[in-house]
Every structure is written in C-alpha cells, then in structure tokens.
Amino acid sequence: MIEREPVNRTTRQMIEDGRARQEALSKVDEILATVTGTAHDRNGTVEVTVDGRGRLKRLWLAQEAARYGADGLARLIVKVAAVAMDDATQSGYNKVALLLGDNLTYALEQLSGRAAPARRSGDGGITAEEFQARRDKRVAEEDSSDDLDSFDPSSLRSDR
C-alpha cells in the first residue's frame with residue numbers, strides 16, 4: 001500500500017514548482033551537450049574524449065599504439081571509448097541532478113535506458129556497506145593512541 005503524505009502547499013506554489021521543473025527539464029539538453037568524458041588505457045597509449053551523446057570529440061594515439069595491430073588497437077579504442085562514455089554519462093547525471101533533484105534524475109535514467117555508471121551493479125565496484133565494513137576493520141586495526149607520537153614532521157612534502 002502506498003502511504004500518502006498531506007500536501008502542505010498552496011495550488012499556486014504547486015503550479016510554480018511545476019513550471020520550475022518544466023523549465024529545468026528544458027535545460028537538460030543544453031547540459032548534456034556540454035558534458036564530456038575522457039578516458040585512457042593503462043599504458044597511456046590511447047586517450048578518448050566523447051560528449052554526452054557519445055560523439056567522439058578527440059582521439060589521441062601514442063606511437064606505441066601501433067604495436068597492438070589493427071584489430072587489437074580497434075578493440076582497445078572501443079573499450080576506452082566505453083569508459084569515456086561512462087564518465088560523460090555520470091558527469092551529465094551529476095549536473096542534471098543539481099538542477100532537477102535525485103528523483104527526477106533517476107526517472108530520466110529509467111526513461112533513457114542508460115543507468116548511471118555509479119548505480120550499476122556488477123561493474124566490479126564495491127557497495128557502500130562493503131566500503132564501510134572495510135573502513136571499520138581498518139580503523140579498528142589502527143592504534144589511535146600512538147598517532148601523534150609517531151608523527152614525523154619531516155615526512156611532510158615541502159614545495160620550497
């Protein structure tokens with residue numbers, strides 16, 4: 001059963017909110033047109049930049065990229081472009097969320113069929129719960145009583 005909360009706003013406020021959301025939705029296309037994502041391979045031989053729609057904006061290849069051969073280089077470019085597209089997608093959703101809020105942004109994700117990369121499961125990342133458990137374990141293992149006793153000011157980086 002759906003729980004309903006009473007609306008504590010006037011009709012005029014609701015109309016103004018609706019118009020503000022409509023105006024914000026009209027800006028989504030502009031935002032996505034300005035978003036880019038960039039990625040590179042581990043060796044730094046391929047770098048790809050795409051826009052929010054997946055159009056290739058920049059492709060940079062190091063001279064060493066030729067050693068992969070045509071097929072290997074093509075596969076590498078496609079993989080790096082996919083990561084760049086994920087970067088652009090996430091960046092776009094982050095900017096849209098600032099404008100529309102999380103709920104409407106999530107609705108846009110559902111409508112577009114392209115989930116935010118940060119929300120995808122099975123991409124090899126860890127869940128918030130797993131992160132917290134690892135952090136708690138690490139903090140528990142550290143002995144916090146000796147933190148200041150073992151501090152060595154000479155370990156600080158100096159820019160002078």
Side-chain angles (χ1 to χ4, degrees), residues 1-9 17 20-21 24-25 27-28 30-54 56-62 64-65 67-68 72-73 75-160:
M1 186 168 126
I2 298 175
E3 294 183 28
R4 296 182 185 215
E5 295 180 22
V7 176
N8 296 323
R9 298 182 315 202
D17 288 348
R21 284 188 177 160
L25 278 170
K27 294 180 181 176
V28 168
E30 295 171 22
I31 290 172
L32 293 179
T34 63
V35 171
T36 62
T38 301
H40 57 83
D41 69 321
R42 290 182 187 159
N43 300 324
T45 55
V46 174
E47 184 174 290
V48 176
T49 301
V50 298
D51 68 6
R53 299 184 201 319
L56 183 66
K57 291 295 194 179
R58 180 175 179 268
L59 172 62
W60 178 83
L61 302 173
E64 301 85 40
R67 69 179 173 186
Y68 294 116
L73 183 59
R75 281 192 298 275
L76 182 60
I77 291 171
V78 169
K79 285 180 183 179
V80 172
V83 173
M85 184 61 201
D86 284 348
D87 183 43
T89 300
Q90 187 64 55
S91 179
Y93 283 142
N94 290 347
K95 289 182 179 183
V96 168
L98 293 174
L99 185 66
L100 300 179
D102 290 335
N103 291 336
L104 279 178
T105 302
Y106 183 69
L108 281 175
E109 285 180 45
Q110 300 302 309
L111 289 172
S112 72
R114 184 158 175 82
R119 203 184 307 274
R120 286 188 208 141
S121 61
D123 278 354
I126 62 173
T127 63
E129 293 80 13
E130 185 178 352
F131 173 82
Q132 189 64 41
R134 289 183 186 181
R135 182 189 172 281
D136 291 344
K137 181 180 175 184
R138 186 177 65 249
V139 169
E141 290 173 355
E142 295 175 358
D143 183 16
S144 61
S145 64
D146 295 334
D147 284 348
L148 293 177
D149 297 334
S150 63
F151 177 70
D152 179 11
S154 66
S155 66
L156 295 174
R157 184 177 144 204
S158 174
D159 291 338
R160 296 180 190 174

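Looking at residues two or more places apart in sequence or on another chain, you find a salt bridge (Lys or Arg N to Asp or Glu O under 4.0 Å) between K27 and E23. Taking the side chain to side chain donor-acceptor pair (under 3.5 Å) definition, one finds that R9 meets it with D17, sequence neighbours left out.
I31 approaches L99 most closely through the heavy-atom pair CD1-CD2, 3.7 Å. Residues G44 and A62 approach most closely at O-CB, 4.2 Å, considering heavy atoms. Scanning all heavy atoms of the two residues, the minimum distance from A116 to E109 falls at N-OE1, 3.1 Å. The minimum heavy-atom distance between A115 and Y93, with the atom names listed, is C-CE1, 4.1 Å. When every heavy atom of A84 is checked against every heavy atom of A39, the shortest pair comes out as N-CB, 3.6 Å. Summarising the geometry of D51 relative to M85, their closest heavy-atom pair is O-SD, 3.9 Å, with the distance given to 0.1 Å.
Atoms OG1 and NE2, on T49 and H40 in that order, are 10.5 Å from each other to the nearest 0.5 Å. To the nearest 0.5 Å, the span separating OG1 on T38 from CZ on R58 amounts to 7.5 Å. If you take OG1 on T105 and CD on Q110, they are separated by 11.5 Å, rounding to the nearest 0.5 Å. Between L61 atom CG and Y68 atom OH the span is 10.5 Å, to the nearest 0.5 Å. To the nearest 0.5 Å, the span separating CZ on R75 from NZ on K79 amounts to 7.5 Å.
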side-chain contact (heavy atoms from CB on, under 4.5 Å) between R135 and R138: does it pass, once the steps are laid out?
CA-CA 5 Å; R135 182 189 172 281; R138 186 177 65 249; 3.7 Å; yes
Yes or no on side-chain contact (heavy atoms from CB on, under 4.5 Å) for T89 and V35, after CA distance, side-chain angles and deciding distance?
CA-CA 8 Å; T89 300; V35 171; over 6 Å; no
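For Y106, the OH atom counts as loosely surrounded, since its 6.0 Å shell holds 12 or fewer non-hydrogen atoms of other residues, nucleotides or ligands. Within 6.0 Å of the CG atom in N103, the count of heavy atoms belonging to other residues, nucleotides or ligands does not exceed 12. Few gaps surround CG on N43; more than 12 heavy atoms of other groups in view lie less than 6.0 Å from it.
For the pair E64 (side chain) and T45 (backbone), a donor-acceptor distance under 3.5 Å is absent.
Put simply, the side chain of I77 reaches to within 4.5 Å of the side chain of L73, judged on heavy atoms.
Under 3.5 Å, the side chains of Q90 and D86 contain no donor-acceptor pair of N or O atoms.
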